[in-house]
Amino acid sequence: MGRVSGAEKQEFSEMENAEFSDLQLICHVRDALSAVTLGDRENYDELVGYLHRKESLNPDDIALLETTLKALSGTVSCIDSVHHESLLSAVYRMSLWNYGTSIMDALIELIVSLAASNGKYIDWSLELLVNNFTPPYHLMDSLKQESGIEKKNKVLSRVHAAFEAIAVLVPLAPLRLSPIVVQRMPLIYSKGPEILMYVENMLKLESGAIGEIVGVTMLPAIVDRLIELDVEIGWDGLLQEDAKGIFEMELEDAEFADGDGDDNMVGVSMVILSEHPCMLTCQADCIQAWLDQAVGVVKWLCEVAKLHMVNSGKRPRKQLGHRVISSAINYNSQEGKSLCSKLVVDSQLTVNFSANFCVNCKPAAEYLNRKTLEGNTIAEKLDSLIELTFLHLESCQSSGRLSEVFDVLLRSFQRTILNAYKSKFTQFVVFYACALDPEDCGVKFAMVLTDMFRSNFNPPNTRMSAVAYLASYLSRAKFVSAALVASILQRLVDWCLNYCQSHDSVMNPRAHQVFYSGCQALMYMLCFRMRSLMDAPRLKMQLLNMPMEPILQHKLNPLKVCLPTVVVEFLRQAKAAKLFMTSESFAFDDMLESDLSRAFGGIDRLDAFFPFDPCLLKKSESYIRPHFARWSKIKCDGANDGDLSESGSDASDDEFVDMNENDMIEDDMTVSVQAGLDFDPDLNRMSITPKNKFLLHFQQQNARMPARIRPSTSPESL
Amino acid sequence: MEGLKVSNANLTVYLHPSKSRDASEAILRELSSLLFTFSEALDGVVLAYDINSLDNKAAKILSGVIPYFGVPLSVDLLLFSPKPDMLLEGKVVKLSQESIHVVVLGFSSAIITVKDIREEFVYKTKHEQDVYASKSHKRHVIKVGTMIRFSVKSFDEEILHIYGSLMPDHTGSIHWLEKHSELISHTNKIAKKRESEGELTTVKQDAIDGKISPLDSVQKIKRSKKQKIQEES
């Protein structure tokens with residue numbers, strides 16, 4: 001036995017010698033494998049040992065490993081899952097990313113042969129290949145370099161080719177692949193590059209040779225993941241709700257010097273500043289580096305804070321202060337950083353400040369820090385994923401598959417996005433797909449939404465959500481023709497009229513919520529599209545002939561129930577366009593936050609749901625921009641309608657937020673949409689002359705409150 | 001090809017109440033979920049279904065938290081259930097020194113390892129193509145794309161994977177087999193004559209080896225009967 005094994009060992013070590021033919025090698029391996037069943041593990045263990053070599057392989061080792069793998073490919077039928085378990089687990093742990101191309105090829109061949117030889121190994125092989133979607137941790141960083149990208153292409157092309165090879169040999173393999181891929185998707189808390197690579201692979205599968213079978217599950221899975229990321233991001237308002245409370249506690253505990261009001265204000269500002277994540281990360285240097293420019297901000301803030309304290313007590317002061325200052329920091333962090341040191345020098349609160357900073361502020365601020373950072377990274381992940389999806393849609397369009405892909409996307413939209421509670425950005429995937437193919441996909445989307453609204457079989461929330469999507473989509477999509485808008489309007493009007501005629505009852509927001517949402521959608525669409533419709537004579541006639549007056553004057557009284565800002569703007573435009581003769585005679589109470597509108601919207605606040613409002617994710621927004629209609633642009637076009645005071649226009653616009661956001665983006669300021677998407681739209685005004693704009697801002701603060709796209713922050717609300 | 005059968009089944013499809021508006025579509029979806037899966041009750045892989053008639057009996061509503069209702073159906077099913085020693089036909093997709101990979105009916109993968117290929121066939125590389133060529137009959141060649149007939153050794157029901165064998169004489173390239181079926185039967189006759197004396201032992205031998213195919217045994221019995229009749233007459 002010993003002699004034989006010694007000879008065999010020698011033979012193995014000489015394997016790289018061309019003296020041994022493939023057949024002889026295969027025979028050796030076959031004997032080694034079958035010997036295990038008889039109890040002789042020596043040669044087998046040696047074989048397994050070759051497979052374990054990973055680090056710094058010299059050419060001899062490489063050749064040995066390659067030969068071993070090739071020989072194993074020739075003897076797959078002898079591999080038994082029970083007796084040769086260590087061999088199989090050794091192969092399982094091999095990652096294509098660690099080796100050169102020759103070993104990659106040999107390994108792939110082995111995997112494919114194993115998959116085809118025995119039904120037991122199909123799932124195993126597929127899982128092994130899916131494991132190779134992402135590189136091992138130590139190689140993640142190298143992906144950014146040229147060599148890393150080259151390696152990635154080599155590995156992924158082989159992996160996907162292997163899928164196709166297996167599909168040829170085992171036709172049912174793709175069916176088994178879909179659930180494996182979906183189950184192994186990284187969670188939303190995994191690192192960004194890992195998720196990105198995995199999704200890239202999924203999209204590659206979708207467009208690959210086996211895409212017909214596998215693709216149907218890939219896109220919906222990706223959309224589900226997008227939604228999961230989406231809901232993790234809070235609106236700045238929501239994020240601040242938590243932060244507010246924390247501040248509350250801390251500042252109550254903190255004892256400031258009993259200087260006069262001014263010092264108190266400064267002290268407050270200091271603490272707020274110090275609790276900002278930016279401050280924490282920079283610590284001492286940062287504090288030192290803060291200089292003049294932002295001092296103006298804080299001085300202004302103090303004035304505001306004083307006023308607020310006089311008017312309404314502590315709470316608004318901190319909220320306002322925090323919001324303003326964080327925006328300032330985000331916007332011009334370099335200049336803003338010097339603020340603190342200056343104030344430290346100026347004020348007498350130095351001691352207290354530093355003490356409190358160390359003791360009280362940190363825990364709260366850490367909490368805030370973590371939350372905003374988490375929100376920050378999740379927003380970045382979502383942004384990158386959406387960008388990836390956009391690129392994939394573009395490639396689908398260039399290969400002519402967009403129509404089928406859109407069908408899958410639309411089904412996924414109806415199942416998940418439509419009913420997701422206020423999905424913020426995921427719907428832009430559908431928007432972009434429509435933008436790429438307005439005639440086909442764009443029209444299809446609008447039609448599907450209209451049908452969903454009109455169909456009695458759908459639950460009310462779905463119908464309301466559908467019509468909100470429809471209104472926002474038709475208003476914002478530049479690529480949608482006016483004719484389509486007119487035809488959809490016609491349908492909506494007909495439906496509303498029908499409803500009015502069949503329901504002879506008084507105003508009841510909850511009972512007729514679907515009707516009210518339909519009316520609001522009509523008005524919202526006309527706010528955006530009235531001008532373009534009036535410009536085309538045929539459509540103008542159609543619009544004038546639409547029986548909107550009876551709907552608006554009906555007992556159900558939609559004008560009182562629908563969102564006031566929308567109604568006011570609509571009436572204003574209708575008056576200017578001379579749509580209804582009697583528009584002035586509508587008596588309309590100037591309720592800022594209509595309880596009635598909240599009632600019809602329900603818990604989900606579907607009354608104030610405008611899903612295609614400007615996308616706040618930087619990278620995605622750049623793709624959307626050319627196809628997106630801005631309110632400010634539309635307003636500018638209609639500027640000659642006179643008597644538009646600044647505050648008036650702002651107050652009447654429930655897209656107030658986005659109007660200023662758009663201005664900012666247009667003005668090419670690099671406002672980073674980080675820290676929980678927390679930026680103050682009035683930033684550009686503030687930095688110029690704080691004193692003058694203060695009053696305006698204060699007014700707008702009140703005017704703006706009701707129309708934010710989030711649950712109401714007024715005390716009586718939920 | 002053996003292994004395919006059409007059977008009629010009386011099924012009950014249980015539908016969720018939300019589907020009651022469009023029950024027929026829901027029924028079709030439920031039946032479609034059966035396709036390409038092995039069903040123990042039906043003893044085979046469902047390949048196709050055809051609804052005979054919806055029995056006009058009313059559907060019974062189950063009591064429970066969710067009141068599913070059961071629609072009784074009469075359905076014709078095309079089933080695929082390969083049993084050992086059946087002869088199947090499939091297309092060769094890959095050849096190697098170690099095995100032949102075949103796809104049957106476009107969905108089921110089959111593998112014939114070199115142990116189960118009779119010695120008549122030898123692996124060669126002809127004109128840069130891998131083939132299995134027969135030693136005794138020059139024209140009998142199996143290469144990628146050939147339709148071959150093989151016998152079933154076993155069937156993995158979960159992954160629908162067949163382990164096949166080319167040991168029996170009637171297996172090989174179908175094209176060649178059809179062409180030369182007379183040649184085969186003639187050679188068989190001669191072989192059977194020689195064996196007719198030791199028939200009992202032959203049968204016993206085959207039984208031990210487990211390689212007897214129903215076709216062969218039937219032919220044997222027929223021929224031996226013929227011989228007996230001839231001898232008697």
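Here is how names work: the chains are called A, B, and so on, in the same order as the sequence lines, proteins then strands, and each is numbered from 1.
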Please check if the number of heavy atoms outside [X] that lie under 6.0 Å from its [atom1] is greater than 12.
{"X": "B:K94", "atom1": "NZ", "value": "yes"}
{"X": "A:E404", "atom1": "CD", "value": "yes"}
{"X": "B:K60", "atom1": "NZ", "value": "no"}
{"X": "B:I61", "atom1": "CD1", "value": "no"}
{"X": "B:Q97", "atom1": "CD", "value": "yes"}
{"X": "B:H16", "atom1": "NE2", "value": "yes"}
{"X": "B:R29", "atom1": "CZ", "value": "no"}
{"X": "A:K444", "atom1": "NZ", "value": "yes"}

From [X] atom [atom1] to [Y] atom [atom2], the distance as rounded to the nearest 0.5 Å:
{"X": "A:L175", "Y": "B:F36", "atom1": "CG", "atom2": "CZ", "value": "8.5 Å"}
{"X": "A:S77", "Y": "B:I112", "atom1": "OG", "atom2": "CD1", "value": "13.0 Å"}
{"X": "B:I159", "Y": "A:D123", "atom1": "CD1", "atom2": "CG", "value": "6.0 Å"}
{"X": "A:K120", "Y": "B:D156", "atom1": "NZ", "atom2": "CG", "value": "8.5 Å"}

(message) Less than 4.5 Å to any heavy atom of chain A: does that hold for the side chain of B:I111, its backbone, both, or neither?
(response)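 Interface part for B:I111: side chain.
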(message) Please classify the contact of B:T113 with chain A as side chain, backbone, both or neither, using a heavy-atom distance under 4.5 Å.
(response)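 B:T113 touches chain A through side-chain heavy atoms alone.
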(message) So which residue, B:S108, B:S109, B:A110, B:G106, ends up with the most heavy-atom pairs under 4.5 Å with chain A?
(response)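 Heavy-atom pairs under 4.5 Å are most numerous for B:S109.
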(message) Tell me the closest heavy-atom pair linking B:L160 and A:L172, and the distance in Å.
(response)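 What the structure gives for the nearest pair is CD1-CD1, 3.4 Å.
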(request) Start with the C-alpha distance between A:S113 and B:H101, add both sets of side-chain angles, then the distance that settles side chain to side chain contact (heavy atoms under 4.5 Å, CB included), and finish with yes or no. (result) CA-CA 10 Å; A:S113 313; B:H101 296 267; over 6 Å; no
(message) Between A:P171 and B:V103, is there a side-chain heavy-atom distance shorter than 4.5 Å?
(response)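 Side chain of B:V103 against side chain of A:P171, heavy atoms only: contact under 4.5 Å found.
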(request) May I ask you to check whether A:T75 and B:E98 show a side-chain donor-acceptor distance below 3.5 Å? (result)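 Their side chains do not contain a donor-acceptor pair, so the 3.5 Å distance test is not met.
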(request) Name the region of A:L169, side chain, backbone, both or neither, that has any atom closer than 4.5 Å to a heavy atom of chain B. (result)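 Looking at A:L169, backbone and side chain both touch chain B.
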